[in-house]
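Here the structure is laid out as structure tokens; the discussion comes afterwards.
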Amino acid sequence: HALFSGQDYEASSQARDAKVKAQFNGLVVECVDHVVKAPGSVRTLNRQPYTVFTPFYKNWSSNLQASDLKDYSVDLNAVPWVNAPESLPITMSSLGFIPTTLNPMLLDPGNALNIILPDFKARMSQYEEHRDYPSVRGPSYLSTFIRFGAISIRECARTALASNTAGAQTWLKELAWREFYIQWLWHYPKVETHAFVEMYEHIQWPNDPTFFEAWKKDFCHTLPNIWC
């Protein structure tokens with residue numbers, strides 16, 4: 001058996017992957033497959049992580065190389081092979097996954113590349129105008145597939161660059177937003193449970209339910225499909 005793994009960068013995901021790799025004695029083939037540019041590869045001139053998106057995006061987009069977007073070529077004869085245990089003491093439920101009632105369309109990984117991406121390509125030029133309206137088919141509907149590697153993030157980035165429309169450029173920026181927060185979490189894992197800015201760590205909230213009700217009432221008039 002050979003174990004191929006796309007590097008993941010959340011603390012809980014890294015702990016999960018460590019459990020799996022331990023069953024294979026550490027003999028795995030890992031690659032940068034979850035992002036276009038691995039965390040740590042896009043930094044300021046002072047070699048510090050970015051904490052603001054706009055300069056991060058300028059650096060990320062202006063330094064995109066063909067090598068960042070190419071498909072991986074795998075030589076099965078050059079990878080380590082190991083004998084897998086008869087049964088892995090790790091189940092889907094132990095990794096935090098639970099049964100779902102999602103539309104079957106969203107459960108077949110092949111649909112991402114064969115159905116959902118082609119459908120979005122036909123709508124991509126209008127993404128900038130339509131993405132914020134729940135009543136129209138504005139978003140890509142690819143987020144879950146990208147997150148779990150059912151479609152390559154490089155395929156998505158190549159598609160956006162090839163389209164060269166305002167909508168495609170907006171979507172490319174959204175893909176970069178995703179990478180910005182992934183690298184932020186990788187550099188600053190404390191933000192999983194704590195405020196990034198320490199002065200906001202101990203805000204004393206009034207917790208007055210009348211304030212919350214007033215807030216909901218106001219939103220009921222502006223966004224009825226969400227609150228009413």
task = Please round to the nearest 0.5 Å and tell me the distance separating atom OG of Ser163 and atom CG of Leu172.
result = 10.5 Å
inquiry  = Taking the side chain as everything from C-beta on, heavy atoms only, tell me whether Leu185 gets closer than 4.5 Å to Tyr9.
reply    = no
ask   = Which heavy-atom pair separates Tyr57 from Lys173 by the least distance, and what is that distance?
value = CE2-CE, 3.6 Å
inquiry  = Centre-to-centre under 6.0 Å for Trp60 and Phe180, is that the case here?
reply    = no
message = Please determine whether a side-chain nitrogen of the Lys or Arg among Arg158 and Asp71 lies less than 4.0 Å from a carboxylate oxygen of the Asp or Glu.
response = yes
query = Say you draw a straight line from CH2 of Trp171 to CD of Glu128; how long is it, rounded to the nearest 0.5 Å?
reply = 15.0 Å
inquiry  = Let me confirm one number: the OG-CD distance from Ser12 to Glu192, rounded to the nearest 0.5 Å.
reply    = 5.5 Å
ask   = Rounded to the nearest 0.5 Å, how far apart are NZ of Lys121 and OG of Ser140?
value = 13.5 Å
query = Would you say the side chain of Arg131 lies within less than 4.5 Å of the side chain of Gln126, judging by non-hydrogen atoms?
reply = no
ask   = Is the backbone of Gly40 close enough, under 3.5 Å, to the side chain of Arg43 for a donor and an acceptor to pair up by distance?
value = yes
inquiry  = Using ring centroids (six-membered ring only for Trp), state whether Tyr127 and Phe120 fall under 6.0 Å.
reply    = yes
query = With a 4.5 Å limit on heavy-atom distance, are the side chains of Thr51 and His187 in contact?
reply = no
key: Exam field: side chain Asn46 to backbone Gln48, donor-acceptor pair closer than 3.5 Å   = no
inquiry  = So Glu179 and Lys37, do their side chains get closer than 4.5 Å, heavy atoms only?
reply    = yes
query = Taking side chain as C-beta onward, heavy atoms only, is Arg137 less than 4.5 Å from Arg123?
reply = yes
message = Could you check whether any side-chain heavy atom of Met124 comes within less than 4.5 Å of a side-chain heavy atom of Thr159, counting everything from C-beta outward?
response = yes
query = What is the distance from atom CD1 of Ile151 to atom CG of Leu117, rounded to the nearest 0.5 Å?
reply = 4.5 Å
ask   = For the residue pair Trp177 and Tyr181, does the interplanar ring angle fall in the parallel (under 30°), tilted (30 to 60°) or perpendicular (over 60°) class?
value = parallel
query = Could you state the interatomic distance from CD1 (Ile146) to CG (Leu175), rounded to the nearest 0.5 Å?
reply = 5.5 Å
query = Do His34 and Gln7 meet the criterion of a side-chain donor-acceptor pair at a distance under 3.5 Å?
reply = no
